[in-house]
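One structure below.
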Amino acid sequence: MTIVAPAADVPAAVAQEVAPALPGIVGKDFRDAWRTLLSIPSVAGVMADSLRGATGGGAVENAVAVIEGVGRAGVPAGLCYALTSQVFGIQWPLSTLSRKPLDPYVDGLTDGSLILCHALTEDTGGSDPLSMRTAARRTAESADVDGADFQIDGRKAYVTAAPAADLILTFARTDEARHPFALSAFLIPADRAGVTRSEPFEKVALTEVPMGAIDFDAVRATEADLVTTEGSGLAFLASTTTWERALLMSYALGGMHATIERVVGWLRDRQQFGGSLGSNPLVASRVSDLATIRYRVRTLVYDMARRIDAGATPLSAMSTDAAQVKISCAQDLLQFETTAAPLFGARAVIADSGYHVNATSAVAASIYAGTNDLLRVSIARDLGLPVEN
Ligand SMILES: Cc1cc2nc3c(=O)[nH]c(=O)nc-3n(C[C@H](O)[C@H](O)[C@H](O)COP(=O)(O)OP(=O)(O)OC[C@H]3O[C@@H](n4cnc5c(N)ncnc54)[C@H](O)[C@@H]3O)c2cc1C
C-alpha cells in the first residue's frame, strides 16, 4: 500500500466514510464492532501501516487523522481508545523490532479476527514495573522434554481488551533482582495452556472496550516468544509507553470536535431569559475555551506524529516530550469535559439525552500510560532534580 501524505481534510473525509458503518459499531458487542471498524478502508490502511512499522511519508500523521475522523463520525470513545491503543501502543512498537513478532498474525490482526492487549499492570504494582511479580523462570530440564525455555506465572490486571484478546504482549521478570535488565517482553497466544482471561470488569470509563485480568499458570514459553532479547523488557516498555504518551490522546480529538458541534447547535437553539443561550457572552466564552483546548491537544498530538514521521530516532529521545504531551492533553481533556458538561444543563448526566458528557473517561487519561504524577517525577528528574519515585 502506498503511503500518502494526509490532506488537511482527512478527518472530515474519514468521518463521512465511517458514517454508513455506524449501525454496525454503536451499541454492538466489542468484537463485532471491532471487525466492522477495521473493515473501513481508511482504518484498514492504518492497520497495514502500523503492522509494517512504517514511519515517514506521513504514515503516523495519517493514522492520527484517520482516528480523529473515526471519533468525529460518532464511534464511541472506548472503541476509539482501543483502536488508538492497539495501533500506537502495541502494533507500531512491535513492528519496528527486528524480530517482527507480529508477522505471523498480520492477516488476523488486519481483518479484526485477532485482537491484541498490552499486559503490564499488576494488582500489587502498577506505577512501579520493576516490582512486578509475574515471573518467567528458565526451565532447563523441561526444555529437554518439550522445548520450553521458560515457565511464566503471575497475574496481570486492568488490561484493556484483555477479556477479548487473542494475543498478549506481556512483561515478566526473568531476574529476581531489581535492576533495569530484570524484565523481558513476551508475545503469548491467549489459547496457550495455562493462560486464563477474566470476565470483563464493570468499569465506568471507556465502557465500549472491555478491561480485565490475565492469569498465567505454569505457561510454557520459548525463546521465540520473546519479542526482544531476554532482559530488555524495560527498554522495550520505554518504547511502547513513548508511543502511547505521544499519540494516545488522538483517540479524543474526534470526540472533542463532535462535542463542540453539539454545544454550538444546542446553545443556538436553547432559549433562556428571552434569547438564545449562545448570545450570552459568558456562555459563548466557554465555547471558545472548548475550541482553544481542542486546538492545543490537536497541535501537540499532530506535532508528535510529524516528529516520528520525520525520523525522530531513537524514539527514547522523545520520551520526556511525550510525557509532557500526555500530561498536558490529559489535563486538557478533563477541563474540556468539565467545561462542556454544564452547558448542556441536566442533559449532561442523562445517558440517552444526546448531550451526555463522560468526565470519568477523561479522569482515566491521568492514570493510564503512566500516571501523570509519576510522569511529573521523571520530567523533573530529566531537568536535573535529584528526585526519585
Ligand atoms: C482506562 C485504563 C486503561 C488501562 N489499560 C491498561 C492496559 O492496557 N495495560 C496495562 O497493563 N495497564 C492498563 N491500565 C492500568 C494503568 O496502567 C495503571 O492503573 C497505572 O499504571 C497506575 O497503576 P495503579 O492503578 O496500580 O496505581 P498505583 O501505582 O497504586 O498509584 C496510585 C496513585 O499513586 C501515585 N503514586 C504511586 N507511586 C508514586 C510515587 N512514587 N510518587 C508519587 N505518586 C505516586 C500514582 O501517580 C497514582 O496517582 C489502564 C488503566 C486505565 C484507567
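Atoms within a ligand are numbered from 1 in the order they appear, just like the ligands themselves. In this chain, numbering begins with 1 at the start of the sequence shown.
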Subject >> Proximity of Met211 to ligand 1 by residue part, where a heavy atom lies under 4.0 Å >> reply: side chain
What I want to know is whether [X] and ligand 1 share at least one N or O pair that is separated by under 3.5 angstrom.
{"X": "Leu120", "result": "yes"}
{"X": "Tyr158", "result": "yes"}
{"X": "Tyr368", "result": "no"}
{"X": "Thr371", "result": "yes"}
{"X": "Glu122", "result": "no"}
{"X": "Asp373", "result": "no"}

Subject >> Residue pair Leu109, Leu102: steps toward the side-chain contact (heavy atoms from CB on, under 4.5 Å) verdict >> reply: CA-CA 9 Å; Leu109 290 167; Leu102 292 180; 4.0 Å; yes
Taking [atom] as the reference point, the nearest protein heavy atom with its distance:
{"atom": "atom 9 (N) of ligand 1", "value": "His118 O, 2.7 Å"}
{"atom": "atom 15 (C) of ligand 1", "value": "Thr121 OG1, 3.3 Å"}
{"atom": "atom 8 (O) of ligand 1", "value": "Thr160 N, 3.0 Å"}
{"atom": "atom 30 (O) of ligand 1", "value": "Ser127 OG, 4.8 Å"}
{"atom": "atom 24 (P) of ligand 1", "value": "Gly126 CA, 3.9 Å"}
{"atom": "atom 53 (C) of ligand 1", "value": "Ile367 CG2, 4.0 Å"}

Side-chain touch [X]/[Y], heavy atoms, less than 4.5 angstrom:
{"X": "Arg178", "Y": "Asp128", "result": "yes"}
{"X": "Val349", "Y": "Phe344", "result": "no"}
{"X": "Leu234", "Y": "Phe171", "result": "no"}
{"X": "Tyr158", "Y": "Ile367", "result": "no"}

Original post:
Can we say Asp373 and Arg376 salt-bridge, meaning some charged N sits less than 4.0 Å from an Asp/Glu carboxylate O?
Top reply: yes
Subject >> Pair Glu223 + Arg138, salt bridge at N-O below 4.0 Å >> reply: yes
Original post:
Quick one: which of Leu116, Asn389, Leu374 has a heavy atom closest to atom 39 (C) of ligand 1?
Top reply: Leu374
Hey, is [atom] under 4.0 Å from any protein heavy atom?
{"atom": "atom 34 (O) of ligand 1", "value": "no"}
{"atom": "atom 19 (O) of ligand 1", "value": "yes"}
{"atom": "atom 5 (N) of ligand 1", "value": "yes"}
{"atom": "atom 1 (C) of ligand 1", "value": "yes"}

**OP:** Report the distance from atom CG of Asp191 to atom CG of Asp166, rounding to the nearest 0.5 Å.
**Re:** 8.0 Å
**OP:** Tell me who clusters with Ile214, hydrophobic residues only, linked when side chains sit under 4.5 Å apart either directly or through other members.
**Re:** Phe150, Ile152, Ile168, Phe186, Ile188, Val195, Phe216, Val219, Leu226
Subject >> Residues Thr320 and Asp382: side-chain donor-acceptor under 3.5 angstrom >> reply: yes
Original post:
Does a donor on one side chain and an acceptor on the other come within less than 3.5 Å for Ser232 and Thr229?
Top reply: yes
Original post:
Among all residues two or more places apart in sequence or in another chain, which pass the salt bridge (charged side-chain N to carboxylate O under 4.0 Å, His left out) test with Arg262?
Top reply: none
**OP:** Would you mind running through ligand 1 and noting each atom that sits below 4.0 Å from a heavy atom of Tyr81?
**Re:** 3 (C)
**OP:** Please identify which atoms of ligand 1 are closer than 4.0 Å to at least one heavy atom of Val159.
**Re:** 7 (C), 8 (O), 9 (N)
